[in-house]
Amino acid sequence: MEVSDIFPFLAMVLVQVGFAGMNITSKLAMDSGMKPLVLVTYRQIFATLAMVPSAYFLEWKTRPKITIPLLFQIFLCSLTGVTGNQVFYFVGLENSTPTIGCALTNILPALTFILAVLFRQELLGLKKISGQAKVIGTIICVGGAMLLSFYHGHMIKIGESGIHWKYADKMVNNSSNTKPNSLLGPVLILASAASWAIWFIIQAKVSEKFPAPYTSTLLLCFMGSIELMVISLPANHTVSDWSLRSPGRLVAALYAGIVCSALAFTLTSWSIQRKGALYVSVFSPLLLVIVAVLSWALLQEKLYLGTAVGSFFIVAGLYAVLWGKDKEMKQKNIEAMKEIRAKEEKDDVELQLQVPVAATPNGDNYCAR
């Protein structure tokens, strides 16, 4: 690995570790009684505050003009990428486990591909192997998600961890929450992934018209904060619901906002600029592995056959989609290079035909050079 490859690699590993920590801390906070809507509202408030310095110092000179149509598009982004995505995900996580939440999140590239085809941002290309790989990978990915959601199976015996986090038991035992809904959780997490995929489609248009990612993210988080407060306050109207006196609640809210919204976005954007979106997408299955290990080691989460097999199919389908997309992009680059060379050759021929012809003293013609 070259030196230029090390920092993007470390940045994306750090992002996945950060998201893994969010799944663990958020799950513990909700198990201790923190409401999901309260958690996501605090997350966006802290993310907004954390994004102000980046947006101001990095883009205040280069930021394009903010127009009313642009604000409306960012508002749609906030409804899908912030409010819909996070509300569905955290309520789903409350009724599920961190491992299942991360596994079902890996269906995002497949859902994005389906929506991109419907909105004509992607081509199926079934006559090419790249298009076939994307379609087959999408089917495998969706099938794995369905298997993980609706099939439990036998428990896989892998022993108990020797580093179990006893603080987790204390937080869960002090909770008055009801038993998680094993069907509602996965369904809501799938809805979260669908909402996130819709955000990708809208955000692609916003990025073309407004190439200022830090400012657009700041506006996104700010609008999301307002939307979530409008939703959360009527449902959680007591002071105790919004209290952050508990260290677990405060850490979960700060961690989700600063690490998993502000910092993660900054590192991801930096990596995309240097390595491209495909490189960044390849790291998403790493989150599932990290969370599965941490959940088993710290929370004594049990691993079931349906979870393991479904996760395998999701990851396999994901890499099939990414492989097809990578091959398609390489083919487009080759075709673009051929067009450039053909144009250059055509220009050379036209230039030669336009060279003036002069006569030699003995009457012969020659091309002036």
side-chain contact (heavy atoms from CB on, under 4.5 Å) against Glu339, all qualifying residues, sequence neighbours excluded: none
Separation of Met51 CE from Ile258 CD1 (nearest 0.5 Å): 12.5 Å
Thr80: partners by side chain to side chain donor-acceptor pair (under 3.5 Å), with sequence neighbours left out: none
Pairwise distance CG(Asn236) to CD1(Ile231) - rounded to 0.5 angstrom: 11.5 Å
With sequence neighbours excluded, residues passing side-chain contact (heavy atoms from CB on, under 4.5 Å) with Ser240: Thr238
Distance in Å, Ser261 OG paired with Leu220 CG, rounded so as to fall on 0.5 Å steps: 9.0 Å
Under the salt bridge (Lys or Arg N to Asp or Glu O under 4.0 Å) test, residues paired with Lys127 that sit two or more places apart: none
All side chain to side chain donor-acceptor pair (under 3.5 Å) counterparts of Thr48, not counting sequence neighbours: Ser225
Qualifying residues under ring-ring contact (aromatic ring centres under 6.0 Å, His included), relative to Trp199, sequence neighbours excluded: Trp196
Phe313 CZ: over 12 foreign heavy atoms closer than 6.0 Å: no
By side-chain contact (heavy atoms from CB on, under 4.5 Å) - contacts of Ala194 (at least two apart): Leu111
Test log, rule side-chain contact (heavy atoms from CB on, under 4.5 Å), inputs Met223 and Val82: CA-CA 9 Å; Met223 292 181 184; Val82 175; over 6 Å; no
Listed partners of Ser192 passing side-chain contact (heavy atoms from CB on, under 4.5 Å), at least two apart: Asn85, Phe88, Tyr89
Between OH on residue Tyr255 and CD1 on residue Ile24, distance to nearest 0.5 Å: 9.5 Å
Any side-chain heavy-atom pair of Lys27 and Ser96 under 4.5 Å: no
Residue pair Lys209 / Gln73, side-chain heavy-atom distance below 4.5 Å: yes
Heavy-atom side-chain contact between Val206 and Cys77 under 4.5 Å: yes
Side-chain touch Lys128/Lys327, heavy atoms, less than 4.5 angstrom: no
Heavy-atom side-chain proximity of Phe72 to Ile68 below 4.5 angstrom: no
Student check: side-chain heavy atoms of Tyr42 and Arg249 closer than 4.5 Å: no
Partner residues of Ser216 under the side chain to side chain donor-acceptor pair (under 3.5 Å) criterion, sequence neighbours left out: none
Where at least one partner belongs to residues 51-64, residue pairs that pass side chain to side chain donor-acceptor pair (under 3.5 Å), sequence neighbours excluded: Glu59-Thr215
Spatial distance of atom SG (Cys221) from atom CD1 (Ile226) [nearest 0.5 Å]: 12.0 Å
Passing candidate, side chain to side chain contact (heavy atoms under 4.5 Å, CB included) with Ser26, options Leu93, Val40, Asp31: Leu93
Residue pair Val230, Glu227: steps toward the side-chain contact (heavy atoms from CB on, under 4.5 Å) verdict: CA-CA 5 Å; Val230 170; Glu227 293 160 9; 5.8 Å; no
Check: Ile66 and Phe210 side chains under 4.5 Å, non-hydrogen atoms: yes
Spatial distance of atom OG1 (Thr41) from atom CD (Gln86) [nearest 0.5 Å]: 9.5 Å
Contacts of type side chain to side chain donor-acceptor pair (under 3.5 Å), residue Ser195, not counting sequence neighbours: none
Atom CZ of Phe222: over 12 foreign heavy atoms under 6.0 Å: no
Other residues, nucleotides, ligands: >12 heavy atoms within 6.0 Å of Leu305 CG: yes
Pairwise side-chain contact, Leu244 with Met34, heavy-atom cut-off 4.5 Å (strictly under): yes
Contacts of type salt bridge (Lys or Arg N to Asp or Glu O under 4.0 Å), residue Lys330, not counting sequence neighbours: Asp326
